[in-house]
Each structure stands twice: as C-alpha cells, then as structure tokens.
Amino acid sequence: MLYLYDGALNVPKILTDWYEEEATSNYGAYIPFVGTVRSEDGISGLSFDIYEPILKNWFKAWQKKAETKSAIIKMAHSRGDVMLHESSYIAAVFSPKRRVALEFIDEFVEDFKASAPIWKYDLKDRQRIYASERSTAIKGSGLLA
Amino acid sequence: MSILVRVEFLGPIQKESLEIEITNLKQLADILQKDKEIVQWLENSAVAVNDTLVSSLDIALKDGDKVSLLPPVCGG
C-alpha cells in the first residue's frame with residue numbers, strides 16, 4: 001500500500017499500524033526503513049512535491065515485483081513541509097524470510113531515489129529552494145533535448 | 001479536426017501548462033527547444049505521455065493527450 005500525508009509522518013503510529021495489519025499474515029520478517037530530516041547546511045526543513053499518477057504506477061510495478069517473491073511492500077511519504085528531525089519517508093517490506101526482505105528493501109529504496117516522481121526543496125531563510133544538486137535525472141531523460 | 005495536447009511541467013519547473021496543436025513528440029521538442037524558460041530543463045527531464053514514461057519520440061499524439069516533463073527527482 002502507498003500512503004501520502006500532508007506534512008511530517010507519524011512514525012510510531014505508521015510502524016505500529018503496519019505491524020498490526022500483518023501481525024497474523026505469517027510473514028517471518030518486517031523490515032522498515034525510516035527517513036529522517038537531518039540538520040545540514042542551515043536548513044530548517046525540507047519540502048516535497050509529488051506527482052501522484054506516475055508515483056502510483058511506479059509503486060504498482062514494485063508491488064507486482066514483491067508478489068513474485070511472496071513479499072509485500074508498504075510506503076508512506078510526505079507532501080509539503082517536513083521540519084528537522086521529523087520523518088518524510090517510510091518504506092517497509094514484509095516477507096516470509098528475512099533475506100528476501102533485506103535485499104528487497106535495498107533495491108526498492110534505491111529505485112525510489114532514482115525514479116519516484118517526487119521533488120525535494122530545502123527550506124532555508126524563508127525560501128523553498130529546489131535541491132537540484134541532490135536530485136537524479138530519471139532514466140531516459142533528455143528525450144526532448 | 002485540430003489535435004490539442006496538454007503539456008505539463010512538473011516539480012520545480014516554473015511554467016504554466018500549455019495547450020498546443022501537435023501530433024508527435026518531435027514537434028514538441030522543436031517548440032520547447034526554442035523556449036528560453038524550458039530549454040535548460042530538457043537535457044535532464046524525462047517525458048511521460050498520459051502518465052506513462054516514454055523513451056522514443058516516435059509516438060503519435062491524439063486529441064486530449066497529456067504530456068508531462070519530469071525534472072530530476074529526489075524523494076525521501
């Protein structure tokens with residue numbers, strides 16, 4: 001499942017909800033990844049834009065991939081502003097065996113960083129500045145150049 | 001009948017959507033390469049037609065199609 005929220009994520013609630021949703025699903029492993037906004041370069045927080053139609057298609061493709069390994073994935077992400085030490089991103093894999101989940105969370109988060117249509121901005125000096133240096137061009141970019 | 005395609009610029013690209021008469025992506029490339037606001041984004045932007053990413057300019061466009069430009073991403 002994919003969950004989008006306005007502002008920071010309620011980490012304890014989301015992790016607990018996901019745990020409880022799958023508590024009797026007979027998965028041997030639950031591997032969550034929680035992304036937290038760190039203090040660096042004088043930012044007061046981060047801000048996010050999301051293009052939902054393509055994000056949903058991207059996530060569906062990963063759900064299918066997870067199914068082939070008898071695993072499931074869940075992901076939560078923030079829209080708008082998220083301040084220092086708050087969380088903007090949680091991803092989790094549930095699978096019968098731990099090895100599959102450990103490998104899958106790594107692959108999933110890497111592809112998320114490279115492909116998910118989400119744009120990040122630094123909140124600094126009351127401005128919202130696109131984090132161009134930390135952003136990655138989606139595979140196949142430059143078609144119209 | 002004229003063919004009107006909607007072009008959307010996502011994320012940090014500060015430009016309003018366009019409604020233009022084109023029948024393929026090559027024509028869109030020609031138009032956007034002449035647009036001073038947009039030309040700097042073209043090298044690093046991916047292209048989606050009706051919310052599916054595409055990898056070829058040889059795609060015929062129909063009336064009501066939506067083309068989106070996706071600049072470099074950074075979720076998380």
Side-chain angles (χ1 to χ4, degrees), chain A residues 2 4 9 33-38 46-61 75-79 82 87-91 108-122 127-145, chain B residues 5-61 64-76:
Chain A
L2 173 64
L4 302 175
L9 302 182
F33 168 84
V34 178
T36 304
V37 179
R38 283 186 303 132
L46 299 173
S47 190
F48 298 90
D49 287 340
I50 297 179
Y51 186 60
E52 292 184 27
I54 293 180
L55 181 68
K56 286 175 180 165
N57 291 341
W58 171 86
F59 189 76
K60 270 186 209 155
M75 176 179 133
H77 202 286
S78 301
R79 300 186 198 93
V82 181
S87 172
S88 54
Y89 179 50
I90 306 177
F108 176 75
V109 173
E110 287 303 313
D111 190 54
F112 165 80
K113 285 281 180 185
S115 311
I118 300 178
W119 294 277
K120 181 181 284 178
Y121 305 81
D122 288 331
Q127 288 181 301
R128 189 174 190 256
I129 306 159
Y130 173 49
S132 57
E133 300 282 310
R134 301 182 329 263
S135 300
T136 306
I138 295 171
K139 199 175 168 195
S141 287
L143 193 61
L144 298 179
Chain B
V5 170
R6 183 178 175 83
V7 184
E8 292 185 347
F9 303 94
L10 301 179
I13 309 179
Q14 299 286 318
K15 187 172 172 74
E16 290 294 312
S17 302
L18 303 172
E19 296 263 352
I20 47 179
E21 281 189 46
I22 49 172
T23 55
N24 60 58
L25 289 177
K26 180 76 179 69
Q27 290 173 320
L28 179 61
D30 291 340
I31 291 167
L32 296 183
Q33 283 163 14
K34 292 180 192 126
D35 186 324
K36 283 182 185 159
E37 282 178 287
I38 292 302
V39 69
Q40 56 172 325
W41 291 99
L42 296 181
E43 191 67 48
N44 284 326
S45 289
V47 180
V49 175
N50 299 329
D51 295 331
T52 298
L53 291 170
V54 297
S55 54
S56 165
L57 290 178
D58 297 326
I59 288 177
L61 297 170
D65 278 353
K66 177 173 72 173
V67 178
S68 310
L69 261 73
L70 294 91
V73 294
C74 188

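Proteins come first, then strands; the chains are lettered A, B, ... in the order of their sequence lines, and each starts at number 1. As the structure is a prediction and not an experimental result, all values here were calculated from the model.
Between the CG atom in A:Leu144 and the CD atom in B:Gln27 there is a gap of 12.5 Å [rounded to 0.5 Å]. In this structure, OG in B:Ser45 is found 11.0 Å from CG in A:Leu143, a value given to the nearest 0.5 Å. How far CH2 of B:Trp41 is from OG of A:Ser141: 11.5 Å, rounded to the nearest 0.5 Å.
Counting only distance, with no hydrogens or angles, the side chain of A:Trp119 and the backbone of B:Pro71 share a donor-acceptor pair below 3.5 Å.
Heavy atoms only, all atoms of each residue included: B:Cys74 and A:Arg134 are closest at SG-O, 3.4 Å.
Per-residue counts of heavy-atom pairs under 4.5 Å with chain B were compared for A:Lys56, A:Lys139, A:His77; the largest is that of A:His77. Between chain B and the options A:Ile54, A:Ile90, A:Asp49, heavy-atom pairs under 4.5 Å are most frequent for A:Ile54. Most heavy-atom pairs under 4.5 Å with chain B: of the set A:Phe48, A:Phe33, A:Tyr89, this distinction falls to A:Phe48. Put simply, of B:Gly76, B:Ser55, B:Ala48, B:Ala29, the one with the most heavy-atom pairs under 4.5 Å next to chain A is B:Gly76.
With a 4.5 Å cut-off on non-hydrogen atoms, B:Leu69 touches chain A through its side chain but not through its backbone. Heavy-atom distances place the side chain of B:Ser68, and not its backbone, under 4.5 Å from chain A. Proximity to chain B (any heavy atom under 4.5 Å) is shown, for A:Thr136, by both the backbone and the side chain. Contacts of A:Ala114 with chain B are made by backbone atoms alone, with heavy-atom separations under 4.5 Å and no side-chain atom involved. With a 4.5 angstrom heavy-atom cutoff, A:Ser115 touches chain B only via backbone atoms. B:Gln33 touches chain A through its side chain: at least one heavy atom from C-beta onward sits under 4.5 Å away, while N, CA, C and O do not. Of the atoms belonging to B:Val39, not a single heavy atom falls under 4.5 Å from chain A. For a residue to count as touching a neighbouring chain, one of its non-hydrogen atoms must lie under 4.5 Å from one of that chain's; by this rule B:Leu70 touches chain A with backbone and side chain alike.
A:Ile138 has its side chain within reach of B:Val73: a pair of non-hydrogen atoms, C-beta onward, lies under 4.5 Å apart.
By the neighbour-count criterion of 12 heavy atoms within 6.0 Å, atom CD of B:Glu16 is sparsely surrounded, having that number or fewer from other residues, nucleotides or ligands.
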